[in-house]
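Contents: one structure, followed by commentary.
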Amino acid sequence: MTAPPGIERVLFTEEQVNQRIQEVAAEISAKYQGRDLKLIAVLKGAVFFMTALARAIEIPLKIDFLAISSFGGGGPGMVRIAKDLDHPIQDEDILLVEDIVDTGFTTRYLLQTLAGREPRSLGICTLLDRTARRIVQVPVDYRCFEIPDRFVVGCGLDHKQRYRNLGYIAVMNPDAGD
Amino acid sequence: MAILTTSGAPASRFEEVAHAASQLLGFELVTESRLSQWMMEEFGETPVPDRAWRPAAVSILARLAVEHHLVICLWGAESLFPPSPFTLRAGIVASDARRIGNVMLDQRLDQRLDQRMQRSEAKAALARMDREAKHLHKVRLGRTRPQPDSFDVLLNIEHMDASQMAAVLEAAAAARQLREQGLLAADAEARIQFETRLKLARYGIVPAGHARLKRAAFNHPSEEVFANLLDFYRIPWEYEPRSFPLQWDKDGRVTEAFTPDFYLPEFDLYVELTTMKQTLVTRKNRKIKLLRAVYPHINIQVFYQKDFQDLVFKHGLKEAVR
């Protein structure tokens, strides 16, 4: 696939992404050995990472998905579950899989929502962690990459719903990407 | 006036319900921190004695109610005003197991997996919070816990989230025709002020009439978008609630001060947005550096123009905020 307009540079190549996912998956496999692990991905961005991660984890696991409403800019309006989990998570070891943890707003809401359903444990695994932009502190247990304060696309991350399917992660100038 | 009071036990998340309800109803949200700020404006830096807290709070809230409908989110809020056609008193209840879970979650928001609070620790922490709440009820309101008949509506958080409970309260407010009661009439406010002044006089306190609700008149469209973003994620905020003196002249007069854009009481965090020219960002960065030096205990996070642009791109927001 040719580089889309607006791509400034590749931040992590496909090989680097795959290598790092393997490493994190190995950590998760060791940590959750003998436990009842369920990965929960937030639609849509985390789907690509979730799929790669699940395939690399070497212990039996379950998966589920949820989606939340998007911020529209103008008020009023509140975040809500747009697509709920298919099954309860009570007494299960839950790993929330995110494409990126940024301000922490979304992750905090999801943690609060999931914690109320009484899982045995609740952890966070993210492909990208942009700590420079964090406002709400959330406990990230597994991260593949910490990234600089730049706009990125690829591996599930989009610009106006495009470029999620890039196998690499790239810095983009969104002004030039229209 | 229309008043919705929302209260509950510690860690029952009644604050989230109040926040969501204030958004749905379009009422002004009164929180403990906002009321504390108004108390300071009204009565000065000397804390109001606990026994005078109730008339002091009623005096301020009655003044606000002349111009605004209110959602009052405080421990003991249900006993501030007597039952009437213009009040709806909601209590949020939660099982101990749920509240312990909430304490664990709140703790874990800034803890790593291996450092997190255990259930036994959370249970002990909740017991401490309950004791503090009982003490506060006792000294402020003369009893240790609210009675069930202090509430018009009791909601259980077990199977409803904050937005669902807010929707129930919106429906209850509509059924009671709360809004149709209108704002507090001036003569009714004068009567309340007379009564509260008599009570406050016992403690040598005279309301100064200074505390006013400052409408958030945002200086930049981006600040309004950020406020909407916080509302969207149900994060309570205050706009420019406090100025920090940074430099003084030889006579002790403040020559330079800094007022962060937002304060997030839940995280004890100030947030400053910079969506202006780079030259002004440099000046602002200097002020923030000075703020951190003079007030090392203050937590402040800067949200830069670039961050905001990404937010705009991510959510496809209007060009006007860029």
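Since the structure is predicted, the reported quantities are computational estimates derived from the model, not experimental observations. Scope of the values below: all heavy atoms of this structure, side chains included, with no hydrogens, waters or symmetry mates. Residue numbers start from 1 in every chain, and the chains themselves are labelled A, B, ... in the order their sequence lines are given, proteins ahead of strands.
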Atom group of [X] that falls short of 4.5 Å from chain B, counting heavy atoms:
| X | result |
| --- | --- |
| A/Thr113 | neither |
| A/Arg134 | backbone |
| A/Tyr109 | side chain |

Task: Exam field: side chain B/Arg13 to backbone B/Ala94, donor-acceptor pair closer than 3.5 Å - done: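 Judged by distance alone, no pair lies under 3.5 Å.
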- [ ] Look only at the side chain of A/Lys83 and the backbone of A/Phe65, and say whether a donor-acceptor pair between them is shorter than 3.5 Å.
- [x]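 Judged by distance alone, yes, a pair lies under 3.5 Å.
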Counting only heavy atoms closer than 4.5 Å, note whether [X] contacts chain A via side chain, backbone, both or neither.
| X | value |
| --- | --- |
| B/Ala162 | neither |
| B/Leu230 | side chain |
| B/Glu158 | side chain |

Open item on the list: Under the side-chain hydrogen bond (donor to acceptor under 3.5 Å, both in side chains) definition, can you give me all pairs with a residue in residues 40-63 of chain A, not counting sequence neighbours?
Closed with: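 Residue pairs passing side-chain hydrogen bond (donor to acceptor under 3.5 Å, both in side chains), neighbours aside: A/Lys44-A/Gln161, A/Lys62-A/Glu92.
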Open item on the list: Out of B/Ile235, B/Asn299, B/Asp161, B/Ile157, return the one with the most heavy atom pairs under 4.5 angstrom to chain A.
Closed with: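 Heavy-atom pair counts peak at B/Ile235.
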Using 30° and 60° as the class limits, which term best fits the ring planes of [X] and [Y]: parallel, tilted or perpendicular?
| X | Y | answer |
| --- | --- | --- |
| A/His159 | A/Tyr163 | parallel |
| B/Phe27 | B/His69 | tilted |
| B/Phe303 | B/Phe226 | tilted |

